Amino acid sequence: MRSYRELLRTPEYSPFLLSFAAYAAAQTIGGLALGTLVYRATGSPLLSAVSMFGPQLAQLLGAAFLLSGADRLPPRAILTVISLAFAAATAVLALPGLPIWAVFVVLLLQGLVASLGGGVRGGLMNEILPKGGYVLGRSVFNMLWGLIQITGFATGGALLTLLSPRACLLLTAACYLLSAAVTRLGLTARPPRSTGRPSFSATWRTNALLWSSRPRRLVFLGLWVPNGLIVGSDSLYVSYAPSAAGTMYACGALGMFAGDLAVGRLVPPALRPRLATPLRLLLAVPYLFFFLRPGIALSVLAATVASVGFAASLVLQERLMSLTPDELAGQSLGLHTTGMVAFQGIGAVLAGTLAQLTSPATAMTLMATASIAVTLTLSALGRRAERRPVARLERA
């Protein structure tokens, strides 16, 4: 499958995208509104960053105990329930007078609920698309996410000049309700991909199996760590440039869109595996220049160019699917998504802490340096792993 027309003619793929579009719009507008609300209330870069990305840390608990549900629960039902739960939680966050500690309790609960979403959604897309269509379908999914971020952050920034953050959160809750409705009415009820009941023990067993393979471990770490460190830098946009944060997020999403378009549609399949390391380096290098405290225009340019590197995830996801049995695709993608967003939360906490101790610009530079170091280390370990089988054959 190489054409967008063929892809969009695939039954259920369009409503699948529409339901995700509403969900993604809610996340972008709501995240910016909540980060702004917390920053206005506390003046803390750390708490602002954690309010936007910290809930993803809670997904670690979900990955450890709940992730077997990604393959053992009916996908349409669970995606509908997740959207409804987020609508209710966001409405609570919009309540006037809600103390800051209560905000973070609600965000913790949201993170636990969200831990199933990535695996269920990824596994369902793998079912909807024919064999050979995953990379193109995932690239469109990622590009849609980029477009929604562009429009969502730009719209969120504009709305925050007209409305209060709490009013924006109520609009976010409405978007979650729309996502639930499209999921329930537009998708077919499917049985779970795997038999058995979801349980803590089943989650642990399958996670251990997925983690037991060295090639899969390196792919998981490549998907999680460099990405998470750079999202930590992204989480400081509000404190780095409060008046331009929406623009920086929107232009970063534009860069992400361009990267996914190029890798998913234009790059030949044989060339894609070679791009994982260069793209991860591109993701970090532009942030090194924030140490010089560039103006808004150069900061926006750096964020845009760096975000092209997020397309590395597309390359690595293709490799992950080639290393994973079909019946474990949902939990494997769920483990990838949960680990990725959890490391994004860790990155936000670490970047926010560094910003408290130094400055947002210095913290962004330090996070980029760490991301580059991790990427180069993983690349070296990957090359060593590829050489080992050859050496054994030669000795034989």
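Position 1 is the first residue of the sequence, and the numbers go up from there. Computed from a predicted model, the values in this text were never measured in an experiment.
- Between the S379 side chain and the T375 main chain, no donor and acceptor come within less than 3.5 Å of each other.
- Checked by atom type and distance alone, the side chain of T365 pairs as donor or acceptor with a backbone atom of A361 at under 3.5 Å.
- The aromatic rings of W211 and W224 lie parallel to each other, their planes meeting at an angle below 30°, with 60° marking the opposite boundary.
- When atom types are taken as modelled, the side chain of R384 and the backbone of A380 share no donor-acceptor pair closer than 3.5 angstrom.
- Note that CZ of R205 and CG of N207 are 11.0 Å apart. Values are rounded to the nearest 0.5 Å.
- Relative to the six-membered ring of F141, R121 misses at least one condition, a distance below 6.0 Å or an angle of at most 45° to the axis.
- S19 places no side-chain N or O within donor-acceptor distance of the main-chain N or O of T183, the cut-off being under 3.5 Å.
- When Y249, Y287, Y240 are each tested for a side chain to side chain donor-acceptor pair (under 3.5 Å) with D234, only one passes: Y287.
- Residues satisfying the side-chain hydrogen bond (donor to acceptor under 3.5 Å, both in side chains) criterion with S371, sequence neighbours excluded, are absent altogether.
- Without hydrogens or angle criteria, T324 side chain to M321 main chain gives no donor-acceptor distance under 3.5 Å.
- The salt bridge (Lys or Arg N to Asp or Glu O under 4.0 Å) check on R190 picks up E12, with sequence neighbours excluded.
- More than 12 heavy atoms of other shown residues, nucleotides or ligands fall within 6.0 angstrom of atom CZ in R217.
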